[in-house]
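Just the heavy atoms: all of them, side chains too, but no hydrogens, waters or symmetry mates, feed the values below. Throughout, a chain's letter reflects where its sequence line sits, starting with A, and its residues are numbered from 1.
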Amino acid sequence: MSDQFADRLLQWYDRHGRHDLPWHLDRNAYRVWVSEIMLQQTQVTTVILYFRAFMERFPTVRDLAEAPVDDVLGHWSGLGYYARARNLQKAAIHVMEDHDGDFPREQDQLEALPGIGRSTAAAIIAQAWDRRATILDGNVKRVLARYHAISGWPGQTATLNALWRRAEEHTPATRARDYTQAIMDLGALVCTRSRPDCEHCPVSDGCTAYANGEVHLYPGRKPKKKKPEKTTWMLILEDHHGRILLERRPPSGIWGGLWSLPELDPAFGPDELQEACERQFGLDCSEPDLIGGFRHTFSHYHLHIQPARLQVADASKVGDDADQRWLHRETALDLGLPAPIRTLLSTPEQAALL
DNA sequence: AAGACGTGGTT
DNA sequence: TAACCAAGTCT
């Protein structure tokens with residue numbers, strides 16, 4: 001059904017929407033897909049530079065499928081949610097092997113690819129091929145929650161179902177590409193989380209929350225919970241060449257598959273680091289030299305990272321393999337590193353401490 | 001169903 | 001400053 005909502009929105013979009021984001025140029029399914037994955041829970045301004053660099057290095061789905069995983073993660077370093085990068089490459093391999101290098105055209109086939117859910121599949125269909133499909137991202141949730149005064153936190157199934165139903169209803173039969181971009185642009189530029197610009201909203205007429213003067217009540221807030229705190233040790237083990245020991249983290253969990261400093265059982269106290277180092281790595285370490293800690297906040301818990309610097313007498317006991325390497329700082333920066341570790345290894349002030 | 005999963009910006 | 005949140009998906 002093509003209702004007044006869609007018509008007014010599209011009219012507004014033609015004049016005020018965003019028409020030249022990087023993924024709007026040379027538009028194809030691959031570029032749309034990569035942009036949609038990068039944009040999951042990530043702001044447009046953050047994505048732009050990553051997208052350009054990623055496309056330069058991996059111009060086609062084949063380039064991505066054939067690349068070393070560390071290269072892919074390296075281009076994701078600092079973006080967060082690294083499962084996205086691992087899934088991206090898995091999906092690229094599937095597309096090459098099962099679909100002859102072409103993205104499947106049906107929504108359920110797209111959703112079968114790792115990292116592509118209901119909304120991302122719809123975004124690809126609409127953005128890449130201009131076919132009718134319904135998205136529901138954070139922007140659309142906010143717009144529709146206000147327009148229809150849908151109460152409740154969108155994380156709850158009932159609220160989410162109500163939003164999906166409305167989203168489907170509003171999706172027009174034509175101009176699918178422009179419509180999906182338009183409703184996201186409205187959320188990003190007008191119907192913003194704080195200080196929405198209702199005076200310039202093309203659909204304020206039919207907006208229930210606006211009519212009731214309750215725009216600020218929607219969407220419902222997430223129930224707040226206390227974040228647990230976690231403290232860990234990150235060892236900076238340096239050999240006499242000035243190289244640092246890095247380890248690949250397990251494929252799942254925080255920073256999965258990325259390279260990082262060796263993590264030590266947090267149960268060890270500050271004065272047990274030398275012993276722990278010898279036990280865990282079989283290394284003959286000098287007196288641990290604490291260089292102070294920095295605190296890093298995650299979305300789900302506070303993680304206190306305490307870097308401890310130790311000089312290693314004989315690095316040959318820990319070899320170079322797929323999961324453990326002695327690397328100079330500059331070399332390490334080519335790998336997929338978590339942002340805090342990258343900062344630790346790259347900023348002049350931090351590096352001076354190493 | 002609810003929690004895990006990152007980081008940087010905003011309030 | 002600490003909470004909140006952004007073009008969600010997976011388990």
Side-chain angles (χ1 to χ4, degrees), chain A residues 17-18 21-24 32-51 73 76-88 90-91 110-124 126-127 133-143 153-161 163-164 167 177 180-189 191-195 216 219-230 249-258 260 295-303 305 336-343:
Chain A
R18 296 174 291 187
L21 291 166
W23 39 93
H24 294 159
V32 168
W33 169 55
V34 172
S35 74
E36 290 299 334
I37 301 297
M38 282 190 172
L39 286 160
Q40 287 171 3
Q41 302 288 282
T42 311
Q43 299 196 334
V44 171
T45 52
T46 305
V47 166
I48 290 178
L49 289 180
Y50 279 88
F51 180 79
L73 288 170
W76 213 268
S77 179
L79 255 190
Y81 286 135
Y82 299 98
R84 293 184 296 173
R86 298 193 304 276
N87 285 334
L88 200 66
K90 281 184 204 159
L110 282 170
E111 287 181 36
L113 294 170
I116 299 182
R118 181 173 175 184
S119 187
T120 298
I124 293 170
Q127 289 295 315
T134 298
I135 63 163
L136 186 62
D137 69 345
N139 288 308
V140 182
K141 286 174 187 169
R142 188 168 55 253
V143 169
W153 173 52
Q156 294 189 315
T157 305
T159 308
L160 194 60
N161 288 341
L163 289 168
W164 269 114
R177 173 185 291 159
T180 56
Q181 188 64 48
I183 193 166
M184 286 190 291
D185 285 3
L186 187 75
L189 303 174
C191 195
T192 50
R193 181 165 62 87
S194 58
R195 303 162 174 256
H216 62 288
R221 310 298 289 278
K222 173 182 181 174
K224 62 174 71 176
K225 293 198 172 137
K226 288 194 178 172
K227 291 174 184 172
E229 291 201 3
K230 178 184 169 185
R249 297 181 62 87
S252 65
I254 191 83
W255 299 338
L258 273 67
S260 182
R295 183 161 164 275
H296 186 71
T297 305
F298 281 90
S299 44
H300 311 292
Y301 48 83
H302 295 301
L303 179 62
I305 300 173
L337 296 171
I341 304 302
R342 174 167 295 275
T343 302

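- Residue-level contact check: A:Ser35 touches neither bases nor backbone, having no heavy atom under 4.0 Å from any strand.
- Rounded to whole Å, the distance from OH on A:Tyr81 to C1' on C:dA7 is 13 Å.
- A donor-acceptor contact under 3.5 angstrom links the side-chain atoms of A:Thr42 to the base of B:dG6.
- To the nearest 0.5 Å, atom CD1 of residue A:Ile116 and atom CD1 of residue A:Ile37 are 5.5 Å apart.
- The residue A:Thr46 sits apart from the nucleic acid: no heavy atom pair falls under 4.0 Å.
- Between A:Thr180 and the phosphate of C:dA7, there is no side-chain N or O to OP1/OP2 separation shorter than 4.0 Å.
- In this structure, of C:dA7, C:dT9, B:dG8, it is C:dT9 that holds the atom nearest to the side chain of A:Gln40.
- As judged by a 4.0 angstrom heavy-atom cut-off over every strand, A:Gly78 is placed among residues touching the sugar-phosphate backbone only.
- As judged by a 4.0 angstrom heavy-atom cut-off over every strand, A:Gly253 is placed among residues touching the sugar-phosphate backbone only.
- Taking atom CD1 of A:Ile37 as the reference point, atom P of C:dG8 lies 11 Å away to the nearest angstrom.
- Comparing the P positions of C:dA7 and B:dT11 gives an interatomic distance of 14 Å, to the nearest angstrom.
- A:Trp153 comes within 4.0 angstrom of nothing in the nucleic acid, heavy atoms only.
- Residue-to-nucleotide proximity on DNA chain B shows that, of A:Gln43 and A:Gly256, the 5′-proximal contact is made by A:Gly256.
- Within the 4.0 angstrom heavy-atom criterion, no nucleotide atom of any strand lies near A:Val140.
- Rounded to a whole Å, the CZ atom of A:Phe51 is 17 Å from the P atom of C:dA7.
- Atom CZ in A:Arg221 sits roughly 9 Å away from atom C1' in C:dA3 (whole-Å rounding).
- Each of A:Arg193 and A:Leu79 lies near DNA chain B, and the nucleotide nearest A:Leu79 is the one positioned closer to the 5' end.
- Taking only side-chain atoms of A:Ser119, from C-beta outward, the nucleotide of B:dT7, C:dT9, C:dA7 with the closest atom is C:dT9.
- The P atoms of C:dA3 and B:dA4 are separated by 16 Å, rounded to the nearest whole Å.
- The line from CD of A:Gln40 to CG of A:Leu79 is 11.0 Å long, rounded to the nearest 0.5 Å.
- Of the possible polar contacts, none joining the A:Tyr82 side chain to the A:Ile254 backbone as a donor-acceptor pair under 3.5 Å is found.
- With DNA chain C read from its 5' end, the first of the two nearest nucleotides for A:Gln41 and A:Gly220 is the one closest to A:Gly220.
- Considering only the side chain of A:Thr120, C:dT9 comes nearest among C:dT9, B:dG8, C:dA6.
- Here A:Met38 contributes atom CE and A:Ile48 contributes atom CD1; the two are 11.5 Å apart, rounded to the nearest 0.5 Å.
- Listed candidates were B:dG8, C:dA7, C:dG8. Nearest to the side chain of A:Ala188 is C:dA7.
- Rounded to whole angstrom, the span from the NZ atom of A:Lys224 across to the P atom of B:dG3 amounts to 16 Å.
- Nearest to the side-chain atoms of A:Tyr82 among the listed nucleotides C:dC5, B:dG6, C:dA7 stands B:dG6.
- The CD1 atom of A:Ile135 sits 4.0 Å away from atom CE of A:Met184, with the distance rounded to the nearest 0.5 Å.
- Evaluation of atom-type donor-acceptor distances gives no pair under 3.5 Å for the side chain of A:Arg142 against the base of C:dA6.
- Here C:dC5 is the nucleotide among C:dC5, C:dA7, B:dG6 with the atom lying nearest to any side-chain atom of A:Lys222.
- To the nearest 0.5 Å, the span separating CZ on A:Arg18 from CG on A:Leu189 amounts to 5.0 Å.
- Nucleic acid contact class of A:Arg86 (heavy atoms, under 4.0 Å, all strands): none.
- If you measure from atom CG of A:Leu49 to atom P of B:dT7, you get 17 Å, rounded to the nearest angstrom.
- For C:dA6 and B:dA1, the C1' atoms lie 23 Å apart once the distance is rounded to whole Å.
- Separation of the P atoms belonging to B:dG6 and C:dA2 is 23 Å when rounded to the nearest angstrom.
- Distance from the side chain of A:Asp137 is smallest for C:dG8 among the nucleotides C:dG8, C:dC4, B:dT7.
- A distance of 11.5 Å separates CD in A:Gln127 from OG1 in A:Thr120, rounded to the nearest 0.5 Å.
- Within 4.0 Å of A:Leu21, counting heavy atoms only, lies at least one base atom of the nucleic acid.
- In this structure, CG of A:Asn139 is placed 14 Å from P of C:dC5, rounded to the nearest angstrom.
- In this structure, CZ of A:Arg177 is placed 21 Å from P of C:dA7, rounded to the nearest angstrom.
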